[in-house]
Amino acid sequence: MGRIFILYTIVASIFTIGNGEKCEGIHINGKLYNKEILAKNIDRPYQLCYDKHRNRVYFSYNVGKDEEDRFNIAYIEKGQPEHKIKENIEDGFAIAIDNKNQKMYFGGSLGIYEESMKEGNETKKIIEGFNIWDMFFKEKLYFISYPQQRLYKCEHEKSELKAVRQKHIHEKIFQHAIDGDGDSYITNKTGLYMIKNGTTDRILLKGSKNFRCIEINNEGVAFFCGQHGIYIADKEHYTLEKIAEIKNIFGLTFDDGNNIIFSTPHEIVKVLPENC
């Protein structure tokens with residue numbers, strides 16, 4: 001699909017507790033968390049997405065050789081570290097989920113596919129003619145096309161589902177998400193912007209400029225995965241607050257208990273409170 005990515009360096013964190021014992025883990029918001037490796041030996045797992053009904057972590061990963069970037073979609077199930085490939089998604093790269101209505105969406109170079117968990121996991125193509133870069137679901141399915149990097153919303157028109165260009169987002173963007181307040185976030189070449197619910201005005205969130213993903217947790221809070229860690233927004237001061245120093249995150253999602261799941265260049269990891 002011709003996508004170009006940058007690999008960042010791994011940094012481990014070691015913290016000392018009162019009795020001098022050292023615990024290796026991750027510090028998030030001032031608390032120490034233990035790493036539970038869910039899967040390993042995967043090449044650049046991106047686009048993490050959690051299926052709460054089947055306890056699956058979906059992701060896309062590189063299956064190309066040498067300098068070639070070619071992606072598949074796969075998933076891991078609880079207690080089973082070996083991943084399973086989602087078949088018949090050409091150059092599968094983007095993933096979104098409607099947990100309320102139990103529907104999964106998979107984006108590839110030939111369009112978007114929908115999987116219904118209620119109908120025997122049947123998969124069907126619902127959007128054609130687009131190469132999909134990123135997707136997000138909140139009441140409607142949104143996606144970003146590649147290489148144009150334009151934002152679309154999927155709308156029902158009569159008996160058809162059509163992709164409607166969101167023209168108030170006139171520039172090329174890389175990520176898009178909507179939080180629990182209905183506020184939107186986009187990233188472009190100049191940084192991260194918030195668009196308040198009911199407006200089209202962009203507000204620059206001061207701080208880091210480069211991001212790999214935006215994810216919304218179970219409480220509706222937006223998390224931003226940057227090249228130097230995980231951030232949340234201070235909406236009052238329009239700044240970014242770093243909550244974790246992890247330099248090589250590729251993807252981020254949340255399980256049904258709101259625990260963070262993230263990916264590194266070759267692993268998928270869940271973080272849980274550490275009691276060592």
Side-chain angles (χ1 to χ4, degrees), residues 1-10 37-51 56-65 67-76 81 83-87 89-97 104-113 130-137 141-147 149 151 172-177 185-188 192 208 210-217 222-231 244 246-255 260-271:
M1 298 175 72
R3 297 181 172 91
I4 299 173
F5 302 94
I6 302 172
L7 188 63
Y8 295 99
T9 305
I10 287 180
I37 297 175
L38 303 181
K40 54 186 178 180
N41 300 321
I42 302 169
D43 187 12
R44 287 174 283 166
Y46 283 94
Q47 302 268 346
L48 271 60
C49 188
Y50 191 80
D51 174 354
R56 292 177 177 177
V57 180
Y58 282 84
F59 58 94
S60 64
Y61 69 108
N62 183 43
V63 294
K65 296 179 180 180
E67 301 300 319
E68 177 190 15
D69 281 327
R70 187 167 58 86
F71 287 84
N72 272 352
I73 291 172
Y75 62 91
I76 50 175
H83 64 271
K84 299 177 182 178
I85 296 173
K86 178 64 181 174
E87 303 287 352
I89 310 295
E90 186 73 20
D91 293 321
F93 187 70
I95 309 160
I97 188 167
M104 296 284 309
Y105 298 95
F106 307 103
S109 59
L110 300 181
I112 298 173
Y113 304 77
F130 291 92
N131 191 345
I132 310 301
W133 168 266
D134 193 25
M135 292 194 299
F136 177 80
F137 188 91
L141 180 64
Y142 296 81
F143 70 87
I144 299 172
S145 63
Y146 180 85
Q149 306 299 136
L151 179 65
K172 293 183 177 182
I173 65 171
F174 303 109
Q175 286 94 26
H176 164 264
Y185 301 89
I186 59 171
T187 60
N188 60 29
L192 168 65
S208 182
N210 300 311
F211 298 90
R212 283 205 173 112
C213 68
I214 306 172
E215 293 296 329
I216 311 299
N217 76 357
F223 286 67
F224 309 96
C225 171
Q227 67 187 68
H228 296 303
I230 302 173
Y231 302 80
I246 309 171
K247 292 192 175 181
N248 63 328
I249 298 178
F250 276 68
L252 185 73
T253 191
F254 301 86
D255 70 7
I260 289 175
I261 299 172
F262 70 88
S263 58
T264 68
H266 301 290
E267 292 181 337
I268 298 175
V269 177
K270 180 190 287 191
V271 293

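- The minimum heavy-atom distance between Gln47 and Ala94, with the atom names listed, is OE1-CA, 3.7 Å.
- The aromatic rings of Tyr46 and Phe71 sit perpendicular to each other, their planes meeting at more than 60°, with 30° as the lower class boundary.
- The two residues Gly64 and Asn62 come nearest to each other via the heavy atoms N-OD1, 3.1 Å.
- With contacts defined as side-chain heavy-atom distances shorter than 4.5 Å, the pair Ile246/Phe262 qualifies.
- Residues passing the ring-ring contact (aromatic ring centres under 6.0 Å, His included) test with Phe174, sequence neighbours excluded: none.
- Closest approach of Ser263 and Leu48 over heavy atoms only: OG-CD1, 3.5 Å.
- Minimum interatomic distance between Ala96 and Leu141 (heavy atoms only, all atoms of both residues): CB-CD1, 4.0 Å.
- Scored by the ring-ring contact (aromatic ring centres under 6.0 Å, His included) test, Phe211 finds no partners at all (sequence neighbours excluded).
- With a 4.5 Å cut-off on side-chain heavy atoms, Asn72 and Tyr61 count as touching.
- Annotation: the span from Glu215 atom CD to Ile230 atom CD1 amounts to 11.0 Å, rounded to 0.5 Å.
- Listed by chain and residue number, nothing satisfies the ring-ring contact (aromatic ring centres under 6.0 Å, His included) test with Tyr231 (two or more places apart in sequence, or in another chain).
- Residues His266 and Asp43 have side chains in contact (heavy-atom distance under 4.5 Å, counting atoms from C-beta outward).
- The nearest pair of heavy atoms linking Ile249 to Gly251 is CG2-O, 3.3 Å.
- Rounding to the nearest 0.5 Å gives a distance of 11.5 Å between CZ of Phe93 and CD1 of Ile132.
- Applying the ring-ring contact (aromatic ring centres under 6.0 Å, His included) test to Phe254 and every residue at least two apart in sequence or in another chain returns Phe223.
- Rounded to the nearest 0.5 Å, atoms CZ (Phe106) and SG (Cys49) are 8.0 Å apart.
- Taking the side chain to side chain donor-acceptor pair (under 3.5 Å) definition, one finds that Lys172 meets it with nothing, sequence neighbours left out.
- When the side chain to side chain donor-acceptor pair (under 3.5 Å) test is applied to Tyr58, the partners found at least two apart in sequence or on another chain are Arg54, Arg56.
- Annotation: side chain to side chain donor-acceptor pair (under 3.5 Å) contacts of Lys86 (sequence neighbours excluded): Glu115, Thr123.
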TODO: Quick one: do Tyr75 and Asp51 satisfy side-chain contact (heavy atoms from CB on, under 4.5 Å)? Show the steps, please.
DONE: CA-CA 10 Å; Tyr75 62 91; Asp51 174 354; over 6 Å; no
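- One finds the CD1 atom of Ile37 at 13.5 Å from the NZ atom of Lys270 (value rounded to the nearest 0.5 Å).
- When atom types are taken as modelled, the side chain of Arg44 and the backbone of Phe250 share no donor-acceptor pair closer than 3.5 angstrom.
- The shortest side-chain heavy-atom distance between Ile76 and Phe59 falls under the 4.5 Å cut-off.
- Nearest heavy atom pair, residue Ile95 against residue Ser60, reads CD1-N, 3.9 Å.
- At least one side-chain heavy atom of Ile216 sits less than 4.5 Å from a side-chain heavy atom of Phe136.
- Leu110 is linked by a side chain to side chain contact (heavy atoms under 4.5 Å, CB included) to Glu90, Tyr113, Lys125, counting only residues two or more places apart in sequence or in another chain.
- Here Gln175 pairs with Thr187 under the side chain to side chain donor-acceptor pair (under 3.5 Å) rule; sequence neighbours left out.
- Taking the side chain as every heavy atom from C-beta outward, Tyr185 and Phe224 approach each other to under 4.5 Å.
- A side chain to side chain contact (heavy atoms under 4.5 Å, CB included) with Leu252 is found for one member of Ile261, Asn217, Ile260, Ile214 and no other, namely Ile260.
- Here the side chains of His176 and Asp134 are not in contact, with every heavy-atom distance at 4.5 Å or above.
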